[in-house]
Structure formats: structure tokens, C-alpha cells
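First the structure, which I've put down as C-alpha cells, then a few questions once you've had a look.
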Amino acid sequence: HLVRQYLRVFPEDNGKTQLTMIGKSIISSPEYETNIKLLIKDRKDISLMGYLEWDDIVNNYYGASDLFVHPQYFPMQYDYTFLEAMSSGLPELSINIGCGRDFINNNFNGMLCNSYDEIGNIMRFLSNNIEICKKWGANSRQRAETKFSPHICGQQTISLYESLVK
């Protein structure tokens with residue numbers, strides 16, 4: 001879905017946008033991989049990286065990115081990539097299902113979208129409105145520090161355990 005949306009809103013390589021997809025689940029079957037590679041065969045602005053080590057992602061990709069898009073295809077209980085991107089100061093886009101709702105506040109640090117078309121439209125909008133992207137990114141970093149710091153999460157976990165043993 002994400003590759004198709006990127007191709008829809010950026011039908012030609014414009015020299016200023018780049019879609020880099022990271023993760024082992026981006027290519028879930030040989031047929032899917034073949035279809036995606038056919039779609040992007042002439043596009044130098046789209047990269048399928050597959051699985052990468054965590055430190056490589058954090059050190060080389062989050063820091064070089066302007067936007068984090070998580071195209072959740074099914075509700076997930078928790079996904080650390082949202083938190084990693086927030087901690088790296090990236091604005092976030094995701095479908096409005098699953099754990100994305102725990103991390104994203106609309107128009108504050110990103111956008112929860114109701115369709116993949118909406119994700120594509122917002123990617124295009126943000127590529128032309130970099131100041132909003134920067135503002136959402138700064139808000140993401142602030143939200144990570146104030147709501148999801150190790151200290152806060154540790155205290156919440158201890159409180160949960162204490163309530164369970166009472």
C-alpha cells in the first residue's frame with residue numbers, strides 16, 4: 001500500500017523525496033517482492049532495505065529522515081518503531097488502528113489517517129510544508145521525553161505490578 005501511495009502522489013522522481021522502506025515484513029512473500037520490484041524498477045527514489053540491525057536504523061536512517069510512516073496493515077498491540085522515531089524527532093503518519101493511537105496526536109506530532117490515500121496525500125502535503133514537518137518532529141521528541149521516557153515507563157510498570165499484587 002505504501003509504495004503504491006508514494007507512486008500515486010510522486011509519479012516521477014522529483015529529486016527531493018525518497019521512500020526508504022525498512023523491515024522484514026515489507027517483503028512478505030516472493031510474489032509480493034517481485035510485484036513491488038516491478039513497480040519501482042526505474043525509480044531511484046524508492047529503496048527496499050529489508051531487515052537491518054537496530055543500531056544501523058537508528059544511526060543511519062532515522063537521523064537522515066524527515067518523516068516516519070508506519071502503514072500498519074493490522075492492529076498491533078505495541079510497536080517500538082513508533083517510539084524510536086519519536087525519540088529521533090520524526091513526525092509520524094500511520095493508519096488509525098492499533099498502537100499508533102498511543103503515540104500520535106493528530107496535528108501535534110503527526111497524523112493518524114483513515115485510509116492509505118490519506119497517508120499519500122499527507123506525505124505530499126508535508127513534502128511541500130517542511131516547517132510543519134519540523135514542528136511535528138520537535139513535538140514528537142518532546143512527547144517521547146515527557147510521556148515515554150524510561151523513568152516514566154518504569155514507574156508505570158511498577159505501579160501496574162503493585163496494583164496486581166494487592
Is the shortest side-chain heavy-atom distance between Arg143 and Met86 below 4.5 Å? yes

Single-linkage hydrophobic cluster, 4.5 Å side-chain cutoff, Leu90 and Met49 together: yes

Counting distance only, does the side-chain N/O of Asn106 pair as donor-acceptor with the main-chain N or O of Leu112 below 3.5 Å? yes

Please tell me whether Phe108 and Leu93 are part of a single hydrophobic cluster in this structure, the criterion being side-chain heavy atoms less than 4.5 Å apart. no

Tell me every residue that passes salt bridge (charged side-chain N to carboxylate O under 4.0 Å, His left out) with Arg124, counting only those two or more places apart in sequence or in another chain. none

Excluding sequence neighbours, so at least two apart, what forms salt bridge (charged side-chain N to carboxylate O under 4.0 Å, His left out) with Asp13? none

Does any non-hydrogen side-chain atom of Asp45 lie less than 4.5 Å from one of Leu19? no

Should the ring pair His70 and Phe82 be called parallel, tilted or perpendicular, given that the plane angle runs from 0 to 90° and is split at 30 and 60? parallel

Nearest-0.5 Å distance that lies between atom CD1 in Ile119 and atom CG in Leu2: 7.0 Å

Among residues at least two apart in sequence or on other chains, which ones pass side-chain contact (heavy atoms from CB on, under 4.5 Å) with Lys134? Ile130, Glu131

For the pair Lys37 (side chain) and Leu48 (backbone), establish whether a donor and an acceptor sit closer than 3.5 Å, ignoring hydrogens and angles. no

Would you say Arg8 has more than 12 foreign heavy atoms packed within less than 6.0 Å of its CZ? yes

